[in-house]
Amino acid sequence: MENRMRMGGLIKECKQRGEWAEMYFMMLALEHDLRVSKPYGDSGRYDVGVEGREKINRVQVKSTIYRRRGNGYSLNVMGPQRKKYVPGTVDFFAILLIPIDDWYIIPYEVIGTKNLSLHFTPGSKRQKYGEYQEGWELLRGTGRVGLVDGKADTSLRLKR
């Protein structure tokens with residue numbers, strides 16, 4: 001967020017912009033002292049591996065330049081053949097709102113089986129995913145992750 005002026009929004013081709021977002025994510029993860037790896041090729045089930053405390057987290061990187069009414073943004077979170085991601089293929093979604101350079105690190109359990117379309121309203125009190133904004137510590141394993149009775153655990157909040 002601070003001192004991160006990037007030019008990804010100027011990339012017109014959607015696939016190239018997505019590739020740029022993946023590289024940008026890896027660079028910022030390294031700045032947060034996280035270790036990253038990239039699966040070979042373009043047909044993997046996730047975009048980036050990030051070493052956590054006990055495992056390598058599989059991260060799917062998504063980005064958007066599309067504004068909704070007001071200060072909102074939206075994007076579709078779809079896997080191969082424009083379907084939902086299958087449980088066990090992705091641990092986190094890293095979502096970049098390119099025009100304002102905001103990252104959201106969201107566990108699969110929070111959105112993986114529910115939504116194909118996500119909406120973000122940064123700064124709003126009603127923002128659904130605000131607690132995941134700049135949630136890099138989740139990838140390290142120090143934030144809220146996991147399920148309780150088959151639902152996303154909401155008992156712990158991110159440390160700010």
Side-chain angles (χ1 to χ4, degrees), residues 1-9 11 16-40 44-67 71-79 85 87-115 117-148 151-160:
M1 291 190 0
E2 52 194 63
N3 299 322
R4 291 193 329 221
M5 286 301 288
R6 306 291 189 240
M7 306 305 281
I11 300 171
Q16 290 176 342
R17 194 168 47 247
E19 292 167 344
W20 171 85
E22 290 174 23
M23 289 188 288
Y24 185 24
F25 170 81
M26 290 187 285
M27 181 192 76
L28 292 177
L30 289 169
E31 288 180 0
H32 284 87
D33 201 29
L34 296 163
R35 301 292 170 247
V36 299
S37 60
K38 176 81 173 129
Y40 175 76
R45 297 186 296 172
Y46 61 93
D47 294 323
V48 180
V50 178
E51 289 184 25
R53 281 188 171 164
E54 299 176 6
K55 68 175 192 166
I56 295 177
N57 291 303
R58 298 162 295 186
V59 179
Q60 185 67 38
V61 178
K62 299 290 183 182
S63 64
T64 188
I65 58 172
Y66 300 105
R67 275 195 112 123
N71 292 325
Y73 295 87
S74 64
L75 76 154
N76 293 321
V77 179
M78 292 181 250
Y85 284 90
T89 59
V90 174
D91 299 308
F92 290 92
F93 293 97
I95 298 168
L96 171 61
L97 309 181
I98 292 174
I100 59 173
D101 198 26
D102 267 357
W103 281 93
Y104 292 79
I105 310 299
I106 306 176
Y108 173 87
E109 292 86 359
V110 173
I111 58 174
T113 60
K114 298 181 215 170
N115 301 317
S117 182
L118 301 180
H119 306 285
F120 296 85
T121 51
S124 170
K125 292 179 182 179
R126 295 178 40 197
Q127 179 175 210
K128 186 173 183 178
Y129 304 106
E131 69 186 280
Y132 301 103
Q133 188 175 9
E134 300 296 327
W136 297 94
E137 63 272 19
L138 289 170
L139 297 170
R140 191 174 285 106
T142 57
R144 117 180 147 96
V145 181
L147 296 177
V148 174
K151 297 181 181 176
D153 178 8
T154 58
S155 62
L156 300 174
R157 298 290 178 215
L158 289 175
K159 298 171 189 162
R160 294 259 181 221

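What you see is a predicted model, and the numbers here were worked out from it, not measured in a lab.
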- Message: Between Pro107 and Leu138, is there a side-chain heavy-atom distance shorter than 4.5 Å?
- Response: yes
- Message: Between Ile111 and Leu118, is there a side-chain heavy-atom distance shorter than 4.5 Å?
- Response: yes
- Query: So do Val77 and Ser117 actually touch side chain to side chain, heavy atoms under 4.5 Å?
  - Reply: no
- Distance in Å, His119 NE2 paired with Leu75 CG, rounded so as to fall on 0.5 Å steps: 9.0 Å
- Message: Are Asn76 and Tyr66 packed together at the side-chain level, in the sense that at least one heavy-atom pair is separated by less than 4.5 angstrom?
- Response: no
- Message: In the structure I gave you, are the side-chain heavy atoms of Asp33 and Arg35 within less than 4.5 Å of one another anywhere?
- Response: yes
- Note on the structure: Quick note, salt bridge (Lys or Arg N to Asp or Glu O under 4.0 Å) partners involving residues 44-56, not counting sequence neighbours, are Lys55-Asp91
- Under 3.5 Å, side chain of Arg17 to main-chain N/O of Ile98, donor-acceptor pair present? no
- Is there a donor in the side chain of Trp20 and an acceptor in the side chain of Glu22, or the other way round, less than 3.5 Å apart? no
- Task: Ignoring hydrogens and angles, state whether a donor on the side chain of Asp101 or Tyr24 is under 3.5 Å from an acceptor on the partner side chain.
- Result: yes
- Check whether any side-chain N or O of Lys62 sits under 3.5 Å from a backbone N or O of Met78 as a donor-acceptor pair, and report yes or no. yes
- Task: With the side chain counted from C-beta on, respond yes when Ser74 and Thr64 share a heavy-atom pair under 4.5 Å apart, and no when they do not.
- Result: no
- Message: In the structure I gave you, are the side-chain heavy atoms of Leu139 and Val59 within less than 4.5 Å of one another anywhere?
- Response: yes
- Just one of Tyr73, Phe120, Tyr129 clears the ring-ring contact (aromatic ring centres under 6.0 Å, His included) bar with Tyr104, so which one? Phe120
- Query: Is any side-chain heavy atom of Ile106 closer than 4.5 Å to a side-chain heavy atom of Ile95?
  - Reply: yes
- Message: Using ring centroids (six-membered ring only for Trp), state whether Phe92 and Trp136 fall under 6.0 Å.
- Response: no
- Message: Walk me through whether Tyr85 and Phe93 qualify under ring pair (Phe, Tyr, Trp, His ring centres under 6.0 Å).
- Response: CA-CA 11 Å; Tyr85 284 90; Phe93 293 97; 5.3 Å; yes
